[in-house]
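Both counts, for ligands and for their atoms, begin at 1 and track the order of listing.
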Amino acid sequence: MSEELATNGLTLVVKWSSHEYTIDSVTIEDTVLDLKKAIFKNTGVKPERQKLMGLKSNGKPATDEMLLSKVDIRPNMKIMMMGSKETDIASVDLSPQDIPNVINDFDIGDDIELGNIPIQNREEFLAKVDKRVKDYKIKMLSEPRNGKKLLVLDIDYTLFDHRSTAECAAQLMRPYLHEFLTIAYEDYDIVIWSATGMKWIEVKMRELGVEKNTNYKIVFYLDSSAMISVHTTKYGLVDVKPLGVIWGKFKEYSPKNTIMFDDIRKNFLMNPQNGLRIRAFREANKNRDTDNELYYLSKYLKKIAKLDDFGSLNHRHWQRYLNQE
Ligand code: MG
């Protein structure tokens, strides 16, 4: 203790991803940001991606500029951290499902609230959406058509099993894909949004025969850089697909006429009402003959296309709705 006082040194234990890391390179004269940098050296999680749970000053969350001497901290205190490594995020390029399982899926319910403001209404996140609206460049593949609704589709595990091996992409394609897109195209403009890089999206769409299909057109592709990261109280930092990016750029699309399919529900955090969680299509070799999700979803899309406003629908019950007269 006396030695610690003499040097102002501070030893802290950071718990992250079920490991504990001892951080002993900071002093109480360093800032919270210095602590985050020290944690970065140990864990590889960049300071801006770290969320240190319970780090407070006078009952309020500690800010990066704050001196550790002003933070409610004691020697050998255990701090829980949430955050993802850049390498984990980079690996999204090849395999989005490799992000730690904890964020793979969860029910959107009370957990989406931080303070009392729902995530989709929080100003800092809406500001990020605005920034994407301004800065993200969309390459148009076809033109929006008058009076059509909008269907936004994920790729991996939604249209395609990207983890199984096969001789060609077509063997990993979800059954009924082209028929589904053909039927959807009658009432919807179609956008593809994947948490990978644009190059991968283009390759996959070409390999699957979507790119040049003569029965339907895709309006544009969105990649991971159109996504934003948001903090959730329960799951820390997660990347999501905010439809506001599209709504901000195209006045013809709105919460009233947009539906998005994804196998990961957290992607809908900024627009829970408009998301439909599709059952993941995995193990294509085994499930190719029995998976009929896209077949029934094409019928659902057809049925709801008659509505002027999707606001009254609960896509969790899409199968029930489909069976109603
Ligand atoms: Mg997916």
**Student:** For the Mg ion (ligand 1), what is the closest N, O or S atom on Asp156?
**Tutor:**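 Going by distance to the Mg ion (ligand 1), the closest N, O or S atom in Asp156 is O.
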**Student:** Go through Gln319 and Tyr296 one step at a time and tell me if the side chain to side chain contact (heavy atoms under 4.5 Å, CB included) criterion holds.
**Tutor:** CA-CA 8 Å; Gln319 278 157 316; Tyr296 288 108; 5.9 Å; no
**Student:** Relative to Phe310, does Lys149 satisfy both conditions: NZ or CZ under 6.0 angstrom from the six-membered ring centre, and within 45 degrees of the ring's axis?
**Tutor:**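 Yes.
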**Student:** Which residue pairs satisfy the salt bridge (charged side-chain N to carboxylate O under 4.0 Å, His left out) criterion with at least one member in residues 301-310, sequence neighbours excluded?
**Tutor:**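 Output for this query lists Glu186-Lys302, Asp187-Lys302.
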**Student:** In Asp263, the N, O or S atom nearest to the Mg ion (ligand 1) is which?
**Tutor:**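 Closest to the Mg ion (ligand 1) among those atoms: OD1.
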**Student:** Check whether any N, O or S atom of Asp154 sits under 2.8 Å from the Mg ion (ligand 1).
**Tutor:**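 Within the cut-off used here (under 2.8 Å), Asp154 does place an N, O or S atom near the Mg ion (ligand 1).
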**Student:** Not counting sequence neighbours, which residues clear side-chain hydrogen bond (donor to acceptor under 3.5 Å, both in side chains) with Tyr136? List them please.
**Tutor:**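 Counting only residues at least two positions away or on another chain, Tyr136 forms a side-chain hydrogen bond (donor to acceptor under 3.5 Å, both in side chains) with Asp223.
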